[in-house]
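Notes follow once the structure below has been shown.
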Amino acid sequence: MMNRFIRRSLPAAIALALSCGAAMAGDHEPEGFHGYVRAGGGTSNHGGTQSCYGLGGITMAYRLGNECDSFTELGYTQQLAKAANGATFVGTFWADAYKNSSDFGDAKLGVSKAYIEAKNLPFMNGGIVWVGKRHYYRPDIHMLDMQYINMNGTGGGIDGYPLGAGKISYAVFKDNDFNTTDPATGRVIDSPSALRQNIVYEGLPVNSNGTLDFAASFISAQGQDKTTHDGWQMSVFHRQAKVLGGGNTFGVQYGVGPGTGINGPCCARIGPSGSTLLGSDYTRLRVFDDIVIQPTRDFSMEFVALYQRDKNGKDGATTWTTVGTRPVYAFAENFKLQAELGVTQLKSDKTPGTQRLTKLTIAPTISLARDYWARPELRFFVSYGKWNEAAGKAVNAFNNSGAVYGSDTSGVSYGIHMEAWW
């Protein structure tokens with residue numbers, strides 16, 4: 001089954017990339033120490049721990065003043081060896097820790113990156129060969145903390161090989177790589193693992209300061225019975241630079257079966273393998289536009305609009321729509337006032353009514369500089385959530401502090417928060 005799938009899917013994907021024709025799919029940190037951290041604490045009008053407002057399920061929440069977790073990832077990149085002809089071997093190792101509360105406490109430390117790249121190979125024309133565990137092609141909508149595509153995993157490939165007007169990357173990953181055994185006999189019964197092929201073609205010029213990216217995943221189930229299924233996804237992104245001092249991304253994505261990312265690693269992602277138990281009746285369609293502008297030295301703003309429909313033969317369709325904005329004004333070199341307003345709607349064929357949630361945050365901020373992406377930031381925030389009765393159960397289930405709102409349809413939380421990357 002796997003070999004038949006590879007023979008069917010790989011030539012078609014390569015043909016697509018060739019017909020299209022920059023950036024590179026993988027993260028390529030310069031040498032040195034790098035990382036990310038966010039943490040904070042607060043309370044709500046019901047007392048106790050900070051409340052956060054979201055609908056859960058297939059949705060993502062607006063994050064300013066609305067992150068009730070703690071997360072960090074830290075690592076180092078170092079040249080390990082250099083050949084006489086100039087080829088270099090560069091190693092990267094990162095660890096991360098996550099806790100679904102304001103205190104890292106006993107958060108488990110894990111390995112998020114451990115890979116080696118071979119660079120400056122004379123036969124690769126600037127392309128990079130790599131093997132290991134890594135972050136891979138994961139652009140995001142920052143305001144939603146949503147990596148709309150994410151190809152992280154353990155594997156290997158060729159990254160950023162010049163082809164036509166853009167660059168092509170090809171990688172193979174092994175997802176969910178373990179076997180299911182019979183506890184009585186120890187015999188291997190089945191496996192949820194999947195072989196995932198990713199092809200990314202980036203930087204195809206289509207208009208002034210505008211480019212197209214194409215990203216495809218082809219997923220081959222490794223299970224031994226007929227309950228597991230293959231899948232695929234295709235994504236196209238138009239990236240427009242120099243828009244009022246910022247940039248715009250418009251994306252269209254479609255996935256089938258495990259290619260939807262459903263029941264996969266995390267957070268509405270398309271790109272990694274979802275559950276191989278999902279058949280071809282499971283589909284995910286997403287259309288979005290995300291723009292960040294910096295028209296003046298002191299004013300910046302992000303705006304997002306997104307539509308997503310998940311569908312399967314058993315449950316019908318679930319549709320998520322959202323519109324939001326985050327305006328930021330810098331009153332001084334190290335002081336900003338931020339606001340964030342997001343309106344989210346979730347409709348499912350399985351449940352009556354349409355869930356609606358509005359979240360508004362005001363956050364005075366101490367920042368490194370005036371621009372939108374300047375970090376670190378130290379924030380004081382006040383967040384207000386308003387939802388309809390149909391959303392009450394979902395909001396209570398999403399809230400870290402528990403079902404404190406009961407039958408209420410609004411709430412307020414406030415606290416402090418910090419975010420940094422370097």
Side-chain angles (χ1 to χ4, degrees), residues 37-57 59-71 99-103 140-146 267-268 292 300-306 320-331 335-346 355-367 372 375-420:
V37 63
R38 68 169 181 261
T43 188
S44 76
N45 59 311
H46 280 266
T49 60
Q50 177 188 347
S51 290
C52 283
Y53 307 107
L55 296 179
T59 74
M60 297 295 290
Y62 289 90
R63 67 191 298 189
L64 183 67
N66 201 37
E67 292 180 298
C68 292
D69 58 3
S70 304
F71 176 68
K99 188 73 172 183
N100 196 26
S101 73
S102 62
D103 186 355
D140 73 333
I141 299 171
H142 175 74
M143 192 164 46
L144 291 171
D145 194 20
M146 175 183 172
C267 314
V292 178
S300 58
M301 184 180 70
E302 181 173 6
F303 172 84
V304 63
L306 181 146
W320 166 37
T321 55
T322 190
V323 177
T325 186
R326 185 192 294 186
V328 181
Y329 190 84
F331 286 91
F335 179 76
K336 302 173 180 175
L337 182 62
Q338 305 189 66
E340 185 176 84
L341 176 65
V343 180
T344 300
Q345 181 171 291
L346 185 65
Q355 300 174 25
R356 296 185 183 89
L357 168 67
T358 299
K359 195 276 294 184
L360 172 66
T361 298
I362 304 296
T365 302
I366 303 297
S367 180
Y372 188 84
R375 300 294 186 279
E377 286 189 346
L378 310 178
R379 307 160 181 154
F380 168 75
F381 65 85
V382 178
S383 294
Y384 171 75
K386 175 67 177 176
W387 54 92
N388 65 355
E389 290 185 7
K393 184 177 179 180
V395 171
N396 277 295
F398 178 85
N399 190 8
N400 280 35
S401 58
V404 299
Y405 290 109
S407 60
D408 293 353
T409 56
S410 65
V412 176
S413 66
Y414 51 93
I416 55 176
H417 195 261
M418 66 85 174
E419 182 182 46

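Predicted, not measured: the structure shown is a model, and the values here were computed from it.
- Side chains of H46 and D408 form a contact here, defined as non-hydrogen atoms less than 4.5 Å apart.
- In terms of modelled atom types and a separation under 3.5 Å, the side chain of S70 and the main chain of S102 share a donor-acceptor contact.
- Taking each heavy atom of S367 and E377 in turn, the nearest pair found is OG-CG, 3.7 Å.
- Side chains of T361 and Y62: a donor-acceptor N/O pair is absent below 3.5 angstrom, by distance only.
- F398 and A61 make their closest contact through CZ-CB, 3.9 Å (heavy atoms, listed as atom of the first residue, atom of the second, distance).
- Scanning all heavy atoms of the two residues, the minimum distance from Q355 to A394 falls at OE1-CB, 3.3 Å.
- Between the CG atom of L337 and the OG1 atom of T365 there is a distance of 7.5 Å, given to the nearest 0.5 Å.
- Using a 4.5 Å heavy-atom cutoff, the side chains of T59 and L144 are not in contact.
- In this structure a side-chain-to-backbone donor-acceptor pair under 3.5 Å is present from K359 to L64.
- Ring orientation note: the planes of F335 and F331 are tilted relative to one another, at an angle of 30° to 60°.
- A donor-acceptor contact shorter than 3.5 Å links the side chain of T325 to the backbone of E302.
- A donor-acceptor pair under 3.5 Å is absent between the side-chain atoms of S101 and the main chain of K99, judged by distance alone.
- Here the side chains of R38 and D69 are in contact, with some heavy-atom distance below 4.5 Å.
- Here the CD atom belonging to Q345 is positioned 11.0 Å from the CG atom belonging to L357, to the nearest 0.5 angstrom.
- With a 4.5 Å cut-off on side-chain heavy atoms, V395 and L55 count as touching.
- Across all non-hydrogen atoms, the minimal contact from A391 to R356 is CB-O, 3.7 Å.
- Residues C52 and N66 come closest through the heavy atom pair CA-OD1, 3.2 Å.
- Here the OG-CG distance, from S44 to N400, works out to 11.5 Å after rounding to the nearest 0.5 Å.
- Taking the six-membered ring for Trp and thresholds of 30 and 60 degrees, Y53 and Y405 have ring planes inclined between 30 and 60 degrees apart.
- Rounding to the nearest 0.5 angstrom, the gap separating the CG atom in L346 from the OG1 atom in T322 is 10.5 Å.
- D145 places no side-chain N or O within 3.5 Å of a backbone atom of R63 that could act as its donor or acceptor partner.
- I416 CD1: 12 or fewer foreign heavy atoms inside a 6.0 Å radius.
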TODO: Would you sort out whether I141 and L306 count as a side chain to side chain contact (heavy atoms under 4.5 Å, CB included), showing the intermediate values?
DONE: CA-CA 10 Å; I141 299 171; L306 181 146; 4.2 Å; yes
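- With F381 as the fixed residue, the side-chain contact (heavy atoms from CB on, under 4.5 Å) test singles out one of E340, Q338, Q50: Q50.
- Atom CD of E67 and atom CZ of R379 lie 7.0 Å apart (nearest 0.5 Å).
- Counting heavy atoms from C-beta outward, Y414 and N45 have side chains that stay 4.5 Å or more apart.
- Between the side chain of S383 and the main chain of G65, a donor-acceptor pair closer than 3.5 Å is present.
- In plain terms, the two heavy atoms of T43 and G47 that are nearest each other are OG1-C, 3.4 Å.
- Considering only heavy atoms from C-beta on, L341 comes within 4.5 Å of T358 through its side chain.
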